[in-house]
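Note that these values count all heavy atoms, side chains included, but never hydrogens, waters or copies made by symmetry. Just so it is clear, the model here is predicted, and its values are computed rather than measured.
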Amino acid sequence: QVQLVESGGGSVQAGGSLRLSCAASGRPITNSAMAWFRRAPGKKREFVSSIGWNGVEKLYADSVKGRFIISRDIARSTISLELNALNFEDTADYYCAVRGPSSFYASVREDDYASWGQGTQVTVSP
């Protein structure tokens with residue numbers, strides 16, 4: 001079992017930046033890929049970014065590529081998402097997720113993830 005807790009959400013003006021964090025506890029997650037997803041109001045949850053077990057492999061959705069940066073602190077069992085050049089369409093609840101044991105590699109598929117955090121809200125004003 002893994003518990004995930006996101007933090008760092010808030011309200012920001014368009015063009016601004018935020019940094020989200022996700023802390024994992026419970027079973028070790030050093031051999032598991034992790035990811036960020038988001039759900040905007042009235043829309044389905046979508047993939048944002050994923051990072052492999054050792055923090056080297058990274059995947060980004062086309063909508064955030066070049067603006068968001070995912071990173072991993074293996075020793076502290078945390079991942080972060082740096083959100084830059086935010087626009088109104090980035091407004092969403094952002095969720096952290098982790099794959100199962102020995103699921104090393106980054107994935108864009110929601111069904112590949114075993115545990116989810118409660119989400120943190122990001123609101124971008126025009």
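The minimum heavy-atom distance linking Ala106 with Ala33 is given by the pair N-CB, 3.8 Å. Closest approach of Ala85 to Ser17, counting heavy atoms only: N-OG, 4.3 Å. The two residues Lys43 and Arg39 come nearest to each other via the heavy atoms O-CG, 3.2 Å. The two atoms that bring Lys58 and Gly55 nearest to each other are CE-O, 3.6 Å, heavy atoms only.
A distance of 13.0 Å separates CH2 of Trp53 from OG of Ser103, quoted to the nearest 0.5 Å. Expressed to the nearest 0.5 Å, how far NZ of Lys65 lies from CG of Leu59 amounts to 8.5 Å. The CD atom of Glu6 sits 5.5 Å away from atom SG of Cys22, with the distance rounded to the nearest 0.5 Å.
When the options Cys96, Ser80, Ser71 are evaluated for a side chain to side chain contact (heavy atoms under 4.5 Å, CB included) with Ser21, the one that passes is Ser80.
Between Trp116 and Glu110, the closest side-chain pair of non-hydrogen atoms falls below 4.5 Å. For the pair Ser32 and Arg27, the minimum side-chain heavy-atom distance is below 4.5 Å.
Put simply, the side chain of Asn84 gets close to the backbone of Arg67: a donor and an acceptor are under 3.5 Å apart. No donor-acceptor pair under 3.5 Å is formed between the side chain of Glu82 and the backbone N or O of Arg19. Not one N or O on the side chain of Arg72 forms a donor-acceptor pair closer than 3.5 Å with the backbone of Asn54. For the pair Glu57 (side chain) and Tyr105 (backbone), a donor-acceptor distance under 3.5 Å is absent. Thr123 places no side-chain N or O within 3.5 Å of a backbone atom of Thr91 that could act as its donor or acceptor partner. Thr120 contributes a side-chain N or O that, together with a main-chain N or O of Gly9, makes up a donor-acceptor pair within less than 3.5 Å.
Val2 belongs to a hydrophobic cluster whose remaining members, ordered by chain and number, are Leu4, Val12, Leu18, Leu20, Ile29, Met34, Trp36, Val48, Ile51, Tyr60, Val64, Phe68, Ile69, Ile70, Ile79, Leu81, Leu83, Leu86, Tyr94, Val98, Val122, Val124; membership requires side-chain heavy atoms of ILVMFWY residues under 4.5 Å apart, directly or through intermediates.
Tyr113 and Ser107 share no side-chain donor-acceptor pair at under 3.5 Å.
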task = Applying salt bridge (charged side-chain N to carboxylate O under 4.0 Å, His left out), run through Glu46 and Arg38 and close with a yes or a no.
result = CA-CA 5 Å; Glu46 66 175 355; Arg38 68 185 182 186; 2.7 Å; yes

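Centroid-to-centroid, the aromatic rings of Phe37 and Phe47 come within less than 6.0 Å.
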